[in-house]
There are 2 protein chains.
Amino acid sequence: MSRSEDLRLIALAEFASAGYAATSLQRIADLVGASKASVLYHYDSKEQLLEAALAPALDDLSALIDATAASGLDLAHRAAFVERFVDYLLEHRQVVHLVINQGATLEDVPVMQSALVQMRRVADLFDLAAGSPVERLRYGIALGGAAYCLAAARQLDVVEEEPEILRAGLLAVISELLLPIADPAR
Amino acid sequence: MSRSEDLRLIALAEFASAGYAATSLQRIADLVGASKASVLYHYDSKEQLLEAALAPALDDLSALIDATAASGLDLAHRAAFVERFVDYLLEHRQVVHLVINQGATLEDVPVMQSALVQMRRVADLFDLAAGSPVERLRYGIALGGAAYCLAAARQLDVVEEEPEILRAGLLAVISELLLPIADPAR
DNA sequence: CAGCAACCTGACCGATCGGTCAGGTATGGT
DNA sequence: ACCATACCTGACCGATCGGTCAGGTTGCTG
């Protein structure tokens with residue numbers, strides 16, 4: 001794995017767990033075993049490093065949304081979407097955690113602005129604007145709760161070592177929360 | 001309201017929304033309309049300001065846990081506890097959000113260490129250690145989801161202006177998640 | 001062998017951080 | 001009127017930040 005790939009992955013882990021502001025370039029350099037100037041050789045700035053860290057997950061989310069928006073999210077497709085979305089959360093847990101917890105304070109960073117737009121598009125798939133406050137609560141609890149569980153999997157003693165059990169459990173609870181949300185086509 | 005009270009409340013809001021590391025003493029001073037040295041006149045350090053900001057919520061949580069631990073959390077008491085816990089989350093949403101999202105990186109700060117211990121005591125009331133991974137997921141989704149919803153109430157368009165509707169909705173969904181967790185007395 | 005590109009680093013920059021301190025102001029009590 | 005206390009602030013400190021740059025190393029190509 002190349003040095004720039006290493007940097008991107010380690011930066012994401014630190015940005016997600018410690019916070020973007022609390023993660024210095026020096027810290028990332030130390031973790032990677034290089035100098036701060038080397039970090040800035042590969043990425044023009046701390047902000048560009050954040051952009052590189054988020055980009056793959058945002059591309060995947062955009063693809064997921066585009067595929068879903070075409071067919072709509074009526075009841076026939078709801079369960080399938082929830083399953084794909086849970087898989088997305090499992091695969092990109094650090095980015096999701098980062099965006100929903102630090103997004104508001106980083107919204108003047110272009111890539112984070114873009115990420116927040118994508119998250120709103122997911123919410124829009126459920127047509128939450130037309131729904132009740134309880135439906136929006138269900139959605140928020142599902143999203144925020146899943147993100148928290150995946151970020152804090154170790155502290156919650158949720159079996160990271162058995163990803164199929166984690167996936168099945170997460171899918172069951174998230175489905176319970178999201179499937180009852182009213183069919184937007186009604 | 002006194003200056004030190006002002007400082008404590010504004011510091012909490014900033015620590016919760018922007019992050020402890022990203023919130024400077026200068027920033028808090030600016031928001032309060034005083035000098036940085038004035039902030040440090042009232043609180044000996046940034047860390048002591050954090051301690052003052054968290055203390056009331058931690059006291060309330062400790063009281064809630066103590067009251068519950070006496071009677072245990074069997075099914076007869078489960079619903080009542082969940083209701084009191086939801087009220088606690090509503091009242092101390094900023095502290096809860098701060099502790100569960102930044103707690104891990106601030107665990108060498110004594111007050112945060114104490115906060116994390118309290119949060120584990122809440123989890124212990126449900127005897128999650130003896131439960132299944134799905135039960136721990138339900139608990140984590142409830143806690144993390146509620147914290148996220150309350151912190152992001154505006155973005156989720158959850159009616160902050162009608163706190164009774166918010167409370168009723170939150171209570172309904174959190175109860176749905178937590179009441180099925182197995183009776184620890186069984 | 002020379003030249004070039006990619007990669008890397010130590011030293012340095014201005015800005016901001018958390019915190020200290022001497023000195024000023026206002027208020028209340030004697 | 002004087003003294004004590006609470007409150008406040010500007011200037012300053014050492015440390016660290018994000019970032020720049022000159023110079024070095026390595027490997028590849030003609």
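Chain letters run A, B, ... following the sequence lines, proteins first and then strands; every chain starts at 1.
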**Asked** Just wondering, do Ile174(B) and Ile141(A) contact through their side chains at under 4.5 Å, heavy atoms?
**Response** yes
**Complete:** What residues 12-23 of chain A contributes to the DNA chain C interface at heavy-atom separation below 4.0 Å is none
**Prompt:** Got a sec, which pairs hit salt bridge (charged side-chain N to carboxylate O under 4.0 Å, His left out) with one end in residues 102-113 of chain B, sequence neighbours left out?
**Reply:** none
**Prompt:** Are Arg3(A) and dC7(C) close enough that a side-chain N or O sits under 4.0 Å from OP1 or OP2?
**Reply:** no
**Request:** With heavy atoms under 4.0 Å as the rule, sort Leu40(B) into base, sugar-phosphate or nothing.
**Result:** base
**dC8(C) phosphate, OP1 or OP2, under 4.0 Å from Tyr41(A) side-chain N/O** = no
**Request:** Could I get the full list of salt bridge (charged side-chain N to carboxylate O under 4.0 Å, His left out) partners for Asp59(B), not counting sequence neighbours?
**Result:** none
**Fill in**
For Glu91(B), the side chain to side chain donor-acceptor pair (under 3.5 Å) test, sequence neighbours excluded, returns none
**Request:** Residues of residues 29-39 of chain B with any non-hydrogen atom less than 4.0 angstrom from an atom of DNA chain D: list those, numerically ordered, please.
**Result:** Ala34(B), Ser35(B), Ala37(B), Ser38(B)
**Fill in**
side chain to side chain donor-acceptor pair (under 3.5 Å) filter on Asp60(A), not counting sequence neighbours, yields His92(A)
**Request:** Could you check Ser24(A) against Asp44(A) and say which one's nearest nucleotide on DNA chain D is further toward the 5' end?
**Result:** Ser24(A)
**Asked** Same hydrophobic cluster for Leu179(A) and Phe81(A), using side-chain heavy-atom links shorter than 4.5 Å among ILVMFWY?
**Response** yes
**Within residues 39-54 of chain B or reaching into it, pairs that qualify as salt bridge (charged side-chain N to carboxylate O under 4.0 Å, His left out) - sequence neighbours excluded** = none
**Request:** Quick one: list whatever passes side chain to side chain donor-acceptor pair (under 3.5 Å) with Glu176(B), sequence neighbours left out.
**Result:** Arg138(A)
**Item:** d(CG, Asp6(A); C1', dC7(C)) in whole Å
**Value:** 15 Å
**Item:** Test salt bridge (charged side-chain N to carboxylate O under 4.0 Å, His left out) applied to Glu14(B) - qualifying residues, sequence neighbours left out
**Value:** Arg27(B)
**Asked** Which pairs pass ring-ring contact (aromatic ring centres under 6.0 Å, His included) with one or both residues in residues 15-63 of chain B, sequence neighbours excluded?
**Response** Phe15(B)-Tyr20(B)
**Fill in**
Gln26(A) meets the side chain to side chain donor-acceptor pair (under 3.5 Å) criterion, sequence neighbours left out, with Asp30(A)
**Fill in**
Counted 5' to 3', the first and last nucleotides of DNA chain D within 4.0 Å (strictly under) of a heavy-atom of chain B are dA6(D) to dG10(D)
**Short side-chain N/O contact to dC8(C) OP1/OP2 from His42(A), under 4.0 Å** = yes
